[in-house]
2 protein chains.
Amino acid sequence: MDRAVTISQVAALAGVSTGTASKALNGRGALRPETRLRVQQAAEQLGFVANAAARSLQTGRTYTVGMITTDSIGRFSIPLLIGAEDALGAGQMSVFLCDARDDPIREQYYLRTLLSRKVDGIIVTGRRTQARQPIGRDLPVPVVYAFISSADARDCSVVPDEADGARRAIRHLLAVGRRRIAHVTGPEHHHSAQMRAAGAADTLAAEGLRLATPVLYGEWSEAWGRQAAGILLSTGADVDAVFCGSDQVARGLAEGLRDAGREIPGDIALVGFDNWDVMVDGSRPALTSVDMDLEGIGRTAAEMLLAAINGEPVHGHQARPCRLVPRASTAV
Amino acid sequence: MDRAVTISQVAALAGVSTGTASKALNGRGALRPETRLRVQQAAEQLGFVANAAARSLQTGRTYTVGMITTDSIGRFSIPLLIGAEDALGAGQMSVFLCDARDDPIREQYYLRTLLSRKVDGIIVTGRRTQARQPIGRDLPVPVVYAFISSADARDCSVVPDEADGARRAIRHLLAVGRRRIAHVTGPEHHHSAQMRAAGAADTLAAEGLRLATPVLYGEWSEAWGRQAAGILLSTGADVDAVFCGSDQVARGLAEGLRDAGREIPGDIALVGFDNWDVMVDGSRPALTSVDMDLEGIGRTAAEMLLAAINGEPVHGHQARPCRLVPRASTAV
DNA sequence: CTGAAAGCGCTAACAA
DNA sequence: TTGTTAGCGCTTTCAG
C-alpha cells in the first residue's frame with residue numbers, strides 16, 4: 001500500500017525534466033539513447049506505472065473498450081469476450097466487462113459509467129441473437145453489437161448465420177445417408193429456434209426433401225429433449241436422424257432414445273447446436289454439433305469497433321458462418 | 001458520435017461558473033436551490049456525463065475495482081462477480097473484470113493496467129481454491145482474494161469451507177439413514193479433492209464410522225463418474241450412498257449405476273458438489289448437492305475490500321460455510 | 001451564495 | 001537533444 005509513483009519522481013531520479021521523461025518512456029521525440037535508458041531504469045527502479053487518467057485527459061484516448069452483456073454473463077459472453085480481447089490486445093487495449101443482468105436500468109447505468117470513463121468504444125452482447133433496440137442514440141463513441149443485433153440497420157452487428165449452421169447440420173446428415181430427418185428445438189417464439197428451423201427446412205427443400213415430422217418446439221432443456229424422444233417415437237414416424245436446436249435438447253433426446261432401446265447413431269443419428277463442451281462430451285455417444293464460432297464473432301466485432309474508432313465505421317449486419325463438428329452421434 | 005459535453009458548457013448554459021456547476025451537480029457546498037436546479041437542468045439538457053479521468057485525477061478515487069480471474073472466467077468467476085457487484089453497486093462502484101487465462105504474463109499485464117487505471121482496489125479470483133502466490137508485493141491499492149486464497153497469511157482471502165461442505169453432505173446422508181458411504185472425487189493432488197475427502201472422513205470418524213471403500217480419485221468429469229460406477233460395483237462393497245467430489249462426477253456415477261440396474265436413491269443415494277444447475281437438473285434423478293455460495297463469497301470479498309479501501313483492512317483467511325441443497329437423489 | 005484560481009499527472013508544442 | 005509551458009476537465013480552497 002505504498003503511494004503511487006509519478007513521472008516527476010522518475011524525472012527527478014533520472015535528472016531530467018518531466019517532458020523528457022515522458023518522451024523517453026513513450027518512445028517519442030528525439031532523445032539521446034543514453035538519456036532514454038537512464039529514464040527507463042529510473043522508472044523501473046521506482047516501479048512507475050503511468051496514471052491512465054492523466055494521460056487520457058490529455059490525449060482523449062483511454063485504450064479501453066467497454067463490453068456490456070445485456071443478459072447475464074455466461075456461456076455466450078465469455079467466448080465473445082475472449083475473441084474481443086484477442087483482437088484488441090494486439091493494440092494494447094483492454095476490455096471492461098459489465099453485466100447488465102437483463103435489466104434496462106442496470107444497462108443504462110453501465111452505459112453512463114462507460115461513457116464517463118471515456119472508453120474508446122462499446123461492444124454490446126446478449127444471450128439471444130434476436131435484434132434489440134439500440135442501446136443509445138447519438139453516443140459520443142462507436143458501438144458494435146456482437147451475437148445480438150441492433151434493430152437499427154445502420155448499426156454494426158456481428159451475428160452468427162444460424163441458418164447456415166442448420167444447413168451444415170442437415171447437409172451432414174444427408175451426407176451420412178440419412179433421409180428421414182426430424183427437428184426438435186426450443187420455444188417457437190425464440191428467434192434462434194425460428195432461424196434454425198427455417199434453415200433446416202430450406203436445405204431439405206433444396207434437395208427435394210422435407211422434415212419427417214412437423215418441428216417439435218419446446219424448451220431449451222434436457223428435460224424437453226427426453227420428453228420429445230417419447231413424442232417422436234409415439235408418432236410412429238420412421239425417423240433415422242434428428243437435428244436438435246441445442247445441445248441440451250440433443251442430450252436429453254439421446255437419453256430418451258437410449259431408454260427406449262434405440263441405438264445412436266445406428267438407428268437414429270443426432271446433431272446438436274452450440275458445441276457446448278460439457279454437453280457434447282457428456283452425451284453418450286459424444287454429440288456432433290454446430291459451432292457458432294463465438295470467439296470469431298467477438299474478434300470480428302472488436303475489429304469493426306477498432307475500425308470505427310479509427311474513423312472507418314462499418315454499417316449493417318455481418319453474418320458469420322458456423323462450423324460443424326462431427327462426433328460419434330453421426331459416425332458412419 | 002457527437003463530441004462529449006464538458007462541465008463548462010453546462011455552466012455556460014446555466015449562466016454560472018464551473019466551480020458552481022460542480023458543486024450543484026455533486027450536491028456539495030451551499031447553493032441557492034434555484035441555482036442548483038438550473039444547473040441540473042442544463043446538465044440534463046446537454047446530456048452531460050462527468051469525465052471520470054478528470055475527476056479521479058483531482059480526487060484520487062476512481063470508484064472502480066478490478067477483478068482478475070487468474071484462471072479463465074467461467075462457472076466460478078461469474079457468481080463471484082455478481083456477488084461483488086452487489087456489494088459494490090450500493091456504493092456506486094463498478095467492477096472491471098479481467099481474464100488472465102491462467103497465464104502469468106497476462107496476469108501481470110492486467111495488474112499493471114488496473115494500477116495505471118488507478119482502481120481503488122483489486123479482487124483476485126481463480127478456478128481452484130488452492131493457495132497461490134500473492135499477485136504482487138507492496139501494491140499501492142488493497143487486494144482481496146476470493147475463492148482462491150493467497151499463500152501469504154497476512155493477505156485477506158475469502159474462501160469456501162469445503163470441509164464444512166463435505167460434513168454437511170455426510171451428515172445429510174446419515175440423516176436419511178445411510179451408513180455404508182463411498183467417496184468418488186477428482187484428482188488426488190487437487191486441493192479441493194483433498195479438503196472434501198478429509199472433511200468426509202472426519203465427519204464419519206466423529207460418528208464412529210468410516211468410508212465403505214477407499215476414496216476413488218480420478219478426474220472432474222462425467223466419464224470418470226461412469227467408470228467409477230463400474231469400479232465401485234465390482235468391489236462388491238455393499239454401498240448404500242456415494243458422496244461425490246463434484247456434480248459432474250455424480251452425474252456420471254448416476255448414469256453408470258442406472259445402467260447397472262441400481263435404483264437412485266432406493267439402492268444408492270447420491271450427493272454432488274458445486275450445485276451446478278445444468279448438472280443437478282440434468283441428472284436423473286435430480287441431484288442433491290453442496291453449494292459453496294459463490295455469490296456470498298464475492299459479496300464478502302467486496303465488503304472486505306471496501307473496508308480496506310476505507311483504511312480498515314482485514315487480514316487472514318475468512319472461511320465461509322457451505323449449504324446443502326437436497327433433491328431427489330437423496331429423497332427418503 | 002457565487003466566482004476565481006490553483007492544481008491533480010501527464011503530453012505536446014515550442015523554445016532554447 | 002532537452003527544458004519550459006500550457007493545458008486536458010474537474011474539484012476545491014479561498015475571496016468576494
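Below, read A as the first sequence line, B as the second, and so on, with proteins coming before strands; counting in each chain starts at 1.
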Original post:
When you check the gap from the basic side-chain N to the acidic O, do A/R127 and A/D102 get nearer than 4.0 Å?
Top reply: yes
Original post:
Are A/D161 and A/R320 ion-paired here, with the side-chain N under 4.0 Å from a carboxylate O?
Top reply: no
**OP:** Rounded to the nearest angstrom, tell me the gap between atom NZ in B/K118 and atom C1' in C/dC8.
**Re:** 12 Å
Original post:
What is the distance from atom CD of B/E295 to atom CD of B/E85, rounded to the nearest 0.5 Å?
Top reply: 10.0 Å
Subject >> Nearest-angstrom distance from the residue atom CD of A/Q9 to C1' of C/dC8 >> reply: 14 Å
Original post:
Base, sugar-phosphate, or nothing: which does A/S56 touch, judged by heavy atoms less than 4.0 Å apart?
Top reply: nothing
**OP:** Applying salt bridge (Lys or Arg N to Asp or Glu O under 4.0 Å), name anything that partners B/D291, two or more places apart in sequence or on another chain.
**Re:** B/R323
Subject >> A/L115 CG to D/dG9 P, straight-line distance once rounded to whole Å >> reply: 16 Å
Residues 35-47 of chain B side chain polar contacts: donor-acceptor under 3.5 Å, at least two apart:
unit_1: B/R36; atom_1: NH1; unit_2: B/K23; atom_2: O; d: 3.4
unit_1: B/R38; atom_1: NH1; unit_2: B/A14; atom_2: O; d: 2.4

Original post:
Nearest-Å distance, OH (B/Y63) to P (D/dC10)?
Top reply: 16 Å
Original post:
Can you find a side chain N or O atom of B/T35 that sits less than 4.0 Å from OP1 or OP2 on C/dT2?
Top reply: yes
**OP:** Assign a letter to each nucleotide of nucleotides 10-16 of chain C from its 5' end: B, base within under 4.0 Å of a protein heavy atom; S, sugar-phosphate only; -, no contact.
**Re:** SBBB---
Compile the donor-acceptor pairs under 3.5 Å between side chains in residues 141-158 of chain A and protein atoms, sequence neighbours left out, one pair per line.
unit_1: A/Y145; atom_1: OH; unit_2: A/I135; atom_2: N; d: 2.9
unit_1: A/S149; atom_1: OG; unit_2: A/H317; atom_2: NE2; d: 3.3
unit_1: A/S150; atom_1: OG; unit_2: A/D152; atom_2: N; d: 3.0
unit_1: A/S150; atom_1: OG; unit_2: A/D155; atom_2: OD2; d: 2.7
unit_1: A/D152; atom_1: OD1; unit_2: A/R154; atom_2: N; d: 2.9
unit_1: A/S157; atom_1: OG; unit_2: A/S150; atom_2: N; d: 3.0

Original post:
Quantified as the angle between the terminal helix axes (five pairs each), what is the overall bend of the helix from C/dC1-D/dG16 to C/dA16-D/dT1 to 10 degrees?
Top reply: 50°
Subject >> B/V49: side chain to side chain contact (heavy atoms under 4.5 Å, CB included) partners, not counting sequence neighbours >> reply: A/R112, A/S116
Original post:
Does A/E107 come within less than 4.0 Å of A/R101, counting only side-chain N to carboxylate O?
Top reply: no
Original post:
B/L57 has an atom CG; how far is it from atom P of C/dG9, in whole Å?
Top reply: 7 Å
